[in-house]
Number of protein chains: 2
Amino acid sequence: MLNEKTVSHSVECGDCPIRHRAVCARCETDELERLEEIKYYRSFEAGQTVIWSGDRMDFVGSVVSGIATLTQTMEDGRTQMVGLLLPSDFVGRPGREGSAYDVVATTDLVMCCFRKKPFETMMERTPHIAHRLLEMTLDELDAAREWMLVLGRKTAREKIASLLTIIARRDASLNLQTPKGVMVFDLPLTREAMADYLGLTLETVSRQISALKRDGVIALQGKRHVTVPDFARLLEEAGDDSDGGMLA
Amino acid sequence: MLNEKTVSHSVECGDCPIRHRAVCARCETDELERLEEIKYYRSFEAGQTVIWSGDRMDFVGSVVSGIATLTQTMEDGRTQMVGLLLPSDFVGRPGREGSAYDVVATTDLVMCCFRKKPFETMMERTPHIAHRLLEMTLDELDAAREWMLVLGRKTAREKIASLLTIIARRDASLNLQTPKGVMVFDLPLTREAMADYLGLTLETVSRQISALKRDGVIALQGKRHVTVPDFARLLEEAGDDSDGGMLA
DNA sequence: TCGCGCACTTGATCTGGGTCAAAGAATTCT
DNA sequence: AGAATTCTTTGACCCAGATCAAGTGCGCGA
């Protein structure tokens, strides 16, 4: 079975700025070469739609840079974001014809893609890719279930705080360490996108962010740049006891 | 790649009343025998806890009969159900130490289990088991995301209707055909469990069920036995356009 | 430089669903 | 059978967050 240790010695995949977790963990040379053969890049501008719900999806891939969202829409226009794709996240599912969700770039976005058919073929020949994909899908499932708790049971203030902790954590794993408990990052989402993720209206999002600012839980420089003076305090506001091992 | 057709010719696994989808699809004789060696059954009474969140979980398995739930709890006692385990559903995750959720039997429950280590070993030797597991996990992920839309954006009435369609569908796949559009089933959950699943209170669940009854969308015999005279109407109430291919 | 548009904030009011409280049904125990 | 317990319904009231409606402020193109 793969575990943390075996995954971490992954080989970087070609010229990607990040090793994409799906395919390069425990790469061996010949596999890496086979992947290189079917790999290609796609770039999107902020606001551009990567794929519409229901459309045929003939590729899988991972986010190299930028942020994309997965959203579901009801006939009457109500929308719910069901996934936030940050760098290194995987998109698309082997064995499925079409996309079940709208995938939209919320910032400029670069993806590293593989045509689905050859990728599936490779997956059959290379068991550890299937294992890695299973592991990633289980992680996504956990994240989705954690979010169900947020959507079903948390207050608006807790929802905002929960979203901020997620973004802060993901950012922290990419950036420099900051002084103990202090975190600084940019919001990659508009207030409306945050509302779609949280099952709220954009007005409520705005009000709650103002309230967190007023109460000193966060500070804002401009509208998007956030400083969290005390991450533990934010976690408390999120109603979240586990700190996910982020703090020393 | 596995598809619907190859999965459906599965061999029944020993004396299980159902073929468990995880391991028996495309069974070949020697694999089936290896599985038989590590297989065992566990029974639980209604209300009994299968495993507590955080506990070490040294098995995986599938539900043979009865119903179990996956729940998350916050420190202050708020709970959110994040999964409903019906017969043939798989529990547990290869490569993980402990359970992330409370697993509770809501009815009398029989599970078909495999000790985790030998199951993992087998999975490494038998690629199609890993593929099948990946497929099932992707299905669960889709279900979780569908539920995020329900939790985030639907009204109480729509939430109840959505839950009823899910139970009705699962029931229909196990039971006899009923006249066109008519469906009959028993609610396997208390009002409180339904509330936990839907992110509501039990009072609201009760009120909305009464309202659906008053409006002729459903009929009740006793408190748990439900008749749906027109399934399409129920789908409409759920705010769900897709009928999932259930109706001819 | 002006003004237009977009993202955001803030206020006033309304309402769906939560909360608190009190009774019914059903089931099990004695 | 009667009592106790558990599940469910229903009512009265309240509040968090939605809705409706003005603004504010910043960036950008003409």
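Being a predicted model, the structure only gives us computed values, none of them experimental.
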Report which part of the nucleic acid [X] touches: base, sugar-phosphate, or nothing (heavy-atom distance under 4.0 Å, all strands).
X: B/G47; answer: nothing
X: A/L202; answer: nothing
X: A/S206; answer: base
X: B/L200; answer: sugar-phosphate

Rounding to a whole Å, what distance do you find between [X]:[atom1] and [N]:[atom2]?
X: B/H225; N: C/dA25; atom1: NE2; atom2: P; value: 21 Å
X: A/L151; N: D/dG17; atom1: CG; atom2: C1'; value: 15 Å
X: A/L220; N: C/dT10; atom1: CG; atom2: P; value: 11 Å
X: B/K154; N: C/dG16; atom1: NZ; atom2: P; value: 18 Å
X: B/M194; N: D/dT8; atom1: CE; atom2: C1'; value: 12 Å
X: B/I160; N: C/dG17; atom1: CD1; atom2: P; value: 10 Å
X: B/K213; N: D/dT9; atom1: NZ; atom2: P; value: 7 Å
X: B/R157; N: C/dG17; atom1: CZ; atom2: P; value: 11 Å

### Query
Would one find a side-chain N or O of A/S210 under 4.0 angstrom from OP1 or OP2 of C/dT10?
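Looking at the OP1 and OP2 atoms of C/dT10, one of them is under 4.0 Å from a side-chain N or O of A/S210.
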
### Message
Measuring to OP1 and OP2 of C/dA7, would you say a side-chain N or O of A/T190 lies under 4.0 angstrom away?
### Response
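The answer is no; no side-chain N or O of A/T190 sits under 4.0 Å from OP1 or OP2.
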
#### Entry: Heavy-atom pair with the smallest gap, counting every atom of B/R233 and B/D215
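Taking B/R233 first and B/D215 second, the nearest heavy atoms are NH1-O, 3.9 Å.
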
### Message
For a quick test of reading the model, state the closest non-hydrogen atom pair linking B/V205 to B/I160 and the distance between them.
### Response
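Minimum heavy-atom contact is CG1-CD1, 3.8 Å.
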
#### Entry: Heavy-atom donor-acceptor pair, A/D108 side chain to A/A46 backbone, under 3.5 Å
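Checked: pair present.
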
### Message
So that I can tick it off, tell me whether B/E158 and A/R78 are bridged by a salt bridge, with the cut-off set at under 4.0 angstrom between side-chain N and carboxylate O.
### Response
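Yes, charged N to carboxylate O under 4.0 Å.
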
### Under-4.0 Å salt bridge between A/R93 and B/D139
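Not counted as a salt bridge, because no side-chain N and carboxylate O are separated by less than 4.0 Å.
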
### CZ on B/R96 to CG on A/D142, rounded to 0.5 Å
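So the CG of A/D142 and the CZ of B/R96 are separated by 5.0 Å.
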
### Message
Please determine whether the number of non-hydrogen atoms from other residues, nucleotides or ligands lying under 6.0 Å from atom CD of A/E192 exceeds 12.
### Response
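Counting other residues, nucleotides and ligands, CD of A/E192 stays at 12 neighbours or fewer.
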
### Message
Please determine whether the number of non-hydrogen atoms from other residues, nucleotides or ligands lying under 6.0 Å from atom CD of A/E45 exceeds 12.
### Response
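Check fails, neighbour count at 12 or below.
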
Counting side-chain heavy atoms from C-beta on, which of [options] comes nearest to [X]?
X: B/R224; options: D/dG17, C/dG17, D/dC7; answer: D/dC7
X: A/K223; options: C/dA21, C/dT9, D/dT8; answer: C/dT9
X: B/R191; options: C/dT19, D/dT8, D/dT10; answer: D/dT8
X: B/T155; options: D/dG17, D/dT9, C/dG17; answer: C/dG17

### Task
Classify the side chain of A/E203 and the base of D/dC20 as holding, or not holding, a donor-acceptor pair under 3.5 Å.
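A donor-acceptor contact between them is present.
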
### Message
When you measure only distances, ignoring hydrogens and angles, does the side chain of B/R207 come within 3.5 Å of the base of D/dG11 through a donor and an acceptor?
### Response
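By the distance-only test, yes, there is a pair.
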
### Query
Which angle, rounded to 10°, do you find between the first-five-pair axis and the last-five-pair axis of the helix from C/dT1-D/dA30 to C/dT30-D/dA1?
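The value is 30°.
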
### Task
By nearest nucleotide on DNA chain D, pick out whichever of A/T201 and B/L189 is the more 5' one.
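Between the two, 5'-proximity favours B/L189.
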
